[in-house]
Amino acid sequence: MTATAETTAGSRGAQPPVPDGAVTVTVKIRRFNPEFDDEPRWDSFDIPALPSDRVLNLLHHIKWYVDGTLTFRRSCAHGICGSDAMRINGVNRLACKVLLKDLLQKGDKQTTITIEPIKGLPVHKDLLVDMEPFFEAFRAVKPYLVTYGNEPTRERIQSVADRERFDDTTKCILCACCTTSCPVYWTEGSYFGPAAIVNAHRFIFDSRDEGAEERLDILNDIDGVWRCRTTFNCTDACPRGIQVTKAIQEVKRALLFKRV
Amino acid sequence: MSLALDKPRSPKRPAARRGNGELYSWLFMRLSGLLLVVLVLGHLFIMNILDGGVHKINFGFVAGRWASPFWQFWDLAMLWLAQIHGGNGVRTVINDYARKDSTRFWLKMLLYVSMVLIIALGTFVIFTFDPNISN
């Protein structure tokens, strides 16, 4: 193990026996402890892992058996909750969805995996960021059903074709992979970001919703869809495979032709 | 039972409250870009390839071209579109990359002043060009 000044024991005591077929990989983590550090620093850990492990398993191994002070978010650990978004080898991914075998170097070369917090949001500690600016943009686009007039006595009926129009954007899990991969979001904090636009898209193109104009109006602002440079970072980052850039372009088209 | 009659006849899509400035600037970039492809490539072709290319360009050649309102308009359109298209592009770059509001403001002021100066100077030359100045 690479010993550092503050290295403490893991939270679960002694390391378990190394399983057969394990390879030793170097996990390089960008860390920041607001109580001690003025600047973020890099910490490296050499740990045994199986090719079938996920990156999240490596982080667990470090936290449980090597350095219990390592801080990161995770909840379901199965790609559903969207808690463990991080920058893995320079791209935004969910740590629970990246397998080690896809990151291993060929031959006998030592594998180094670089893990950083997602960019563009304030870092609280290590890989833990303040998600509030992200959720603020999300709330700003009214991500809920807006209707006027009398409520129907029965359910609001929708055709299969109408449901299909916004099917892709219903998949969002609000992990912030897309928004924090966007170069415009990094440098200009007031851009709504891809995730907010995706969630606006989910209601703008819903035939049951009547708030399309309100949301389009919000996204027509200087911090809205026109800041998008179609770099496709968001589409590449999305762990749910949402065509994020396409959704943003559909919102632009709706604004341009005043037609949803 | 509650009666939801607060907005019984509200239009489904009320008129936009905010300006459409960003929409128009985005649209302008696409349309002016298309026009500039024709104008600039045409300009480069005439100036650098046709009839001996760049060596034929002298005072007389320019004077001859600008005697025709067509070429005057061509160059004028190219000047205005290129300046506003390029200026708008640099404006978005400044918006994206300037970190402080004061930096953003002064960079944009510098940009706008330079755009106005170059457009004004170029327009002035195209309209007041005197082919007999050498006499």
Side-chain angles (χ1 to χ4, degrees), chain A residues 119-120 140-142 145-153 156 182-193 197 203-231 233 248-249 251-260, chain B residues 1-37 81-112 115:
Chain A
K119 278 180 84 169
V141 299
K142 306 186 180 189
L145 186 77
V146 174
T147 60
Y148 296 110
N150 295 336
E151 280 181 29
T153 48
R156 298 171 195 271
C182 175
V184 181
Y185 191 81
W186 295 338
T187 46
E188 168 67 56
S190 55
Y191 173 46
F192 281 114
I197 299 169
F203 286 97
I204 288 168
F205 294 93
D206 187 335
S207 61
R208 298 164 296 189
D209 186 271
E210 293 170 19
E213 182 69 11
E214 295 166 40
R215 293 192 195 90
L216 286 173
D217 196 27
I218 293 163
L219 294 177
N220 197 19
D221 215 15
I222 182 153
D223 301 321
V225 287
W226 307 113
R227 302 217 67 154
C228 168
R229 309 271 176 275
T230 57
T231 55
N233 277 19
I248 298 174
Q249 293 301 93
V251 173
K252 283 182 192 166
R253 192 184 304 152
L255 276 166
L256 199 56
F257 298 106
K258 304 232 179 295
R259 187 176 65 219
V260 173
Chain B
M1 194 185 123
S2 66
L3 278 173
L5 285 176
D6 51 335
K7 288 177 169 175
R9 288 185 187 80
S10 73
K12 257 189 173 179
R13 303 176 61 186
R17 293 182 307 275
R18 285 164 232 243
N20 282 324
E22 290 297 313
L23 187 157
Y24 292 137
S25 93
W26 184 89
L27 191 61
F28 171 80
M29 290 305 266
R30 272 74 198 161
L31 298 179
S32 61
L34 282 175
L35 276 171
L36 280 168
V37 167
L81 288 176
Q83 272 298 309
I84 301 174
H85 181 99
N88 196 21
V90 176
R91 181 185 72 95
T92 60
V93 172
I94 293 171
N95 273 341
D96 282 357
Y97 286 92
R99 282 161 188 257
K100 288 198 301 192
D101 281 348
S102 57
T103 319
R104 182 172 302 133
F105 175 81
W106 287 113
L107 282 176
K108 281 207 251 184
M109 278 305 124
L110 190 69
L111 172 72
Y112 295 152
M115 279 168 67

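Numbers restart at 1 for each chain; the letters A, B, ... are given by sequence-line order, proteins then strands. Computed from a predicted structure; not experimentally measured.
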Taking atom CZ as the centre, does B:Arg99 end up with more than 12 heavy-atom neighbours from other residues, nucleotides or ligands that are less than 6.0 angstrom away? no

Can you name the nearest heavy-atom pair linking B:Glu22 to A:Asn220, along with the distance? CB-O, 4.1 Å

Worked verdict on B:Thr92 versus A:Trp226 for side-chain contact (heavy atoms from CB on, under 4.5 Å): CA-CA 10 Å; B:Thr92 60; A:Trp226 307 113; over 6 Å; no

Between B:Leu23 and A:Leu255, the two heavy atoms sitting closest are CD1-O, 3.6 Å

Answer yes or no: are there more than 12 heavy-atom neighbours, outside A:Arg229 itself, under 6.0 Å from its atom CZ? yes

Under 4.5 Å to a heavy atom of chain A? For B:Leu27 that would be side chain

Indicate the atoms forming the closest heavy-atom contact of B:Asn20 with A:Lys258, along with that distance. ND2-NZ, 4.0 Å

